[in-house]
Number of protein chains: 2
Amino acid sequence: MTSADLRTRNQVRLLRAVHDADAPLTRADAARRLGIGRNTAGALVAELERARLLHEVPAETSGRGRPTTLLVPHPDGPLAFAVDFREDAWTLASVALGGAITELEGGEHDRTPRAFADIRAAIERHASGRLAVVGFATSGPIRDGRRLHISHLAWEDVELDDLIGADWPTTAVDNDARLAGLAEARRGALRGMGTAMHFHIDFDIGGTLLLGGDAQRGAHNIAGEFGHMPLTGSALRCMCGVLGCWSLDVGANALMRRFGGEPGYGTGRELAQEVLRRAEDGDPEAGAAVDANAAALGRGLGALANALDPEAISLSGLGVDLIRLRREVIEDHCAEGLMAFRRDEPPRIVSGTVGAAGPLTGAAEIAWDAILTEAWVRARR
Amino acid sequence: MTSADLRTRNQVRLLRAVHDADAPLTRADAARRLGIGRNTAGALVAELERARLLHEVPAETSGRGRPTTLLVPHPDGPLAFAVDFREDAWTLASVALGGAITELEGGEHDRTPRAFADIRAAIERHASGRLAVVGFATSGPIRDGRRLHISHLAWEDVELDDLIGADWPTTAVDNDARLAGLAEARRGALRGMGTAMHFHIDFDIGGTLLLGGDAQRGAHNIAGEFGHMPLTGSALRCMCGVLGCWSLDVGANALMRRFGGEPGYGTGRELAQEVLRRAEDGDPEAGAAVDANAAALGRGLGALANALDPEAISLSGLGVDLIRLRREVIEDHCAEGLMAFRRDEPPRIVSGTVGAAGPLTGAAEIAWDAILTEAWVRARR
DNA sequence: CATTTTTTGTTCAAGTCGTGAACAAAAAAC
DNA sequence: GTTTTTTGTTCACGACTTGAACAAAAAATG
């Protein structure tokens with residue numbers, strides 16, 4: 001590492017600070033935050049402005065002192081696109097430095113890999129020279145970052161390379177639940193935490209362990225199937241091939257099974273919503289089902305907290321409803337699952353604040369992660 | 001970060017390379033490994049020699065070319081001490097740069113916190129000006145790095161600060177199972193892996209998740225109680241206060257329960273060894289017990305692999321015996337617990353290679369981690 | 001045995017970088 | 001109108017890594 005690399009490194013740190021801040025940073029602020037002199041900050045920013053990575057606009061003054069400038073994305077700067085590919089629809093958005101999301105287009109799809117062609121066409125419709133990296137969120141595990149297993153679309157071992165081909169822009173792909181967790185860690189309820197977890201509860205449970213603001217991927221990029229641990233003593237066989245998965249007792253599938261629906265990825269989401277609504281209105285049968293769901297959720301969270309000791313656990317999807325309707329049930333059963341000596345300091349269980357935009361937001365984050373590197377910035381100068 | 005810090009950073013990287021290498025590095029080797037020029041390496045080493053952090057000795061020549069030097073610990077360089085504090089005994093060792101361990105002293109103790117005074121006296125007997133940091137391995141969770149919970153010594157919430165006082169040398173403390181895992185990750189069976197797990201099986205199971213060669217600690221430094229997740233459907237209540245812990249079915253306590261011993265931390269280790277011996281000799285009852293133990297172990301490992309996707313899982317303690325006697329049982333039940341799509345690529349289950357020296361080795365690693373920092377090296381120059 | 005090849009150590013000029021100090025600039029407070 | 005506070009700018013300085021060129025030391029070659 002030469003002294004020139006030092007410069008690049010500081011520029012990346014500066015850009016990262018701008019990207020991560022929730023309010024625009026002033027130049028003097030940024031200098032303090034990075035622990036560098038105002039002169040150095042000036043030199044860094046000047047170069048970044050010339051590279052069209054950062055733009056300075058006058059900041060409205062506040063308090064005394066010479067007025068400073070706000071560091072904002074350059075109007076001709078790089079953009080990340082983010083794609084949220086769901087089971088029957090997709091969304092394409094553009095994301096500027098700092099994380100501001102502009103939805104560009106969305107569409108439904110026919111559940112065949114052809115959908116990727118539609119998405120690529122949409123990307124091309126909106127792409128300009130400013131497009132730098134596409135972040136892509138999809139459901140299902142993505143083994144080694146290349147092979148898709150989306151069971152409810154009956155995509156088994158679909159090669160990602162075949163789908164996106166060589167003519168796509170630079171792309172960073174990851175799993176939706178994991179990206180939702182990343183979004184909470186970077187811009188939501190888990191911000192600033194060293195150890196945290198996130199779970200998305202839909203038909204079943206997917207999640208991720210978040211360490212220092214990064215989602216863990218595992219050795220084959222398929223970490224996060226927490227729903228497929230036998231945490232609640234179920235005797236049923238899960239669609240994944242294992243006996244007794246936690247997911248059998250938590251999420252829409254568990255509600256459907258109880259109310260006669262066939263577990264699977266069809267219209268069950270409406271049924272689940274209806275059960276929640278009825279429970280909210282006082283229907284005892286629905287209430288019992290929601291109780292059981294919340295209890296199983298809490299029990300599993302307690303077990304996981306013993307092993308991984310998160311500071312907080314955020315939930316999305318049905319988890320938000322369960323917290324709203326049954327916080328106490330979740331927390332009580334979580335406490336029961338906690339080792340006695342931990343019960344005075346249980347993990348905080350919170351609703352995610354990024355909400356349904358989680359996968360899209362997380363996709364934007366991994367795209368910007370690919371941009372905010374020394375290699376990329378060095379090449380841009 | 002000024003250019004002077006760049007120098008320190010490179011010196012730390014150099015020292016780290018020397019420490020991590022399994023064979024002494026030559027100066028030219030080190031330069032290549034760090035990607036720096038021979039001239040820079042020469043300057044770095046000269047300064048480190050002056051700071052008594054590194055010593056150069058002529059390397060026996062091999063192949064052609066001008067002979068080079070071997071980078072070895074300086075004879076007056078800093079030393080780490082490592083302590084392994086077990087339930088009834090302790091060991092004190094001295095560890096040089098590179099990880100070479102010299103056992104200094106050991107002793108038994110009376111299971112009261114007084115043991116710490118003995119250990120401190122031993123440290124003082126052996127300490128010289130070269131002692132830099134003491135790494136300390138103890139059983140039981142250490143909440144926030146300060147409060148000990150060693151249930152089988154009936155130490156509940158013992159304040160570590162009271163025990164080691166202000167007059168101890170700089171100390172890095174951590175849990176023994178976690179340090180055993182760290183030892184495997186740094187110098188054993190898990191070396192070089194991005195995601196791996198280690199479990200120590202004694203009376204029950206303790207373990208750690210290893211990411212990029214580092215053991216995860218959690219938000220309150222009490223991560224790793226994987227044994228207290230309900231992975232095997234037990235209906236018993238565990239000593240920890242939770243129903244159905246994995247540890248109830250794996251380890252010496254499970255064997256003792258089966259053979260009439262009272263679960264607890266007494267003499268059960270001999271009983272467990274006897275059961276293993278009898279199983280090895282073909283005793284059917286003992287064999288069945290060992291089978292059950294191995295099956296429960298494998299089932300839990302499969303579940304954890306779904307969630308955390310380790311490349312390999314290493315075992316220590318009884319786990320080594322279980323692998324030796326029942327590898328197939330473990331692997332079969334692990335596969336049953338794995339989601340179907342992962343079964344063609346299961347985590348490798350291996351015996352740890354550091355063995356009983358795990359906690360001591362891990363303690364040495366965290367001590368050297370505290371030395372091999374930019375702040376420490378800068379202060380030393 | 002002399003020469004060539006290979007590898008490593010050493011020296012030196014060149015190019016960068018961040019710093020700290022001093023000063024200028026611009027606003028608010030007095 | 002003056003003082004105080006905060007920020008921007010300039011510049012000399014010290015420190016670092018690099019790359020090239022050359023020296024040194026061993027093995028290989030003939």
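Quantities reported herein were computed from a predicted structural model and do not represent experimental measurements.
- Distance, B/L70 CG to C/dT8 P: 13 Å, rounded to whole Å.
- Distance CE/A/M197 to OG1/A/T208: 7.5 Å, rounded to 0.5 Å.
- Look at CZ on B/R378: it is 15 Å from P on D/dA15, rounded to the nearest Å.
- No donor-acceptor pair under 3.5 Å is formed between the side chain of A/R217 and the backbone N or O of A/G145.
- Atom C1' of nucleotide C/dG18 and atom CZ of A/R13 are separated by 12 Å, given to the nearest angstrom.
- Counting only N and O atoms by type, the side chains of A/S314 and A/H198 include a donor and acceptor under 3.5 Å apart.
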Identify the pairs formed between an N or O of the protein and an N or O of nucleotides 16-18 of chain D at a distance under 3.5 Å, and give each distance.
residue, atom, partner, partner atom, Å
D/dT17, OP1, B/N10, ND2, 3.0
D/dT17, OP2, B/R7, NE, 3.0
D/dT17, OP2, B/R7, NH2, 2.5
D/dT18, OP2, B/T40, OG1, 3.2

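- Listed pair A/R32 / D/dT6 fails the phosphate criterion, with no side-chain N or O lying under 4.0 Å from OP1 or OP2.
- Between the CZ atom of B/R66 and the C1' atom of C/dT11 there is a distance of 12 Å, rounded to whole Å.
- Put simply, A/T68 has no side-chain N or O that comes within less than 4.0 Å of OP1 or OP2 on D/dT6.
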Return all side-chain donor-acceptor pairs below 3.5 angstrom for residues 33-48 of chain B, not counting sequence neighbours, or 'none' if the list is empty.
residue, atom, partner, partner atom, Å
B/E47, OE1, B/Q11, NE2, 3.2
B/E47, OE1, B/R381, NH1, 3.1
B/E47, OE2, B/R7, NH1, 2.7

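- A/T8 places no side-chain N or O within 3.5 Å of a backbone atom of A/L6 that could act as its donor or acceptor partner.
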Distance-only donor-acceptor pairs under 3.5 Å for side chains of residues 364-373 of chain B, two or more places apart:
residue, atom, partner, partner atom, Å
B/E365, OE1, B/R186, NH1, 3.0
B/E365, OE2, B/R187, NE, 2.7
B/E365, OE2, B/R187, NH2, 3.3
B/W368, NE1, B/V95, O, 3.1
B/D369, OD1, B/R16, NH2, 2.7
B/D369, OD1, B/R186, NH1, 3.1
B/D369, OD2, B/R186, NH1, 3.4
B/D369, OD2, B/R186, NH2, 2.9
B/T373, OG1, B/W376, N, 3.2

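- Rounded to whole Å, the distance from CG on A/L34 to P on C/dC17 is 16 Å.
- When distances are taken from the side chain of A/R38 to each of D/dG8, C/dG9, C/dA26, the shortest belongs to D/dG8.
- Residue whose closest nucleotide on DNA chain C sits further toward the 5' end, between B/G42 and A/G65: B/G42.
- Comment: A/D5 engages A/R378 in a salt bridge, judged by a side-chain N to carboxylate O separation of less than 4.0 angstrom.
- We find that CZ of A/R27 is positioned 13 Å from C1' of D/dT6, with the value rounded to whole Å.
- Atom CZ of A/R64 and atom P of D/dT7 are 12 Å apart (whole Å).
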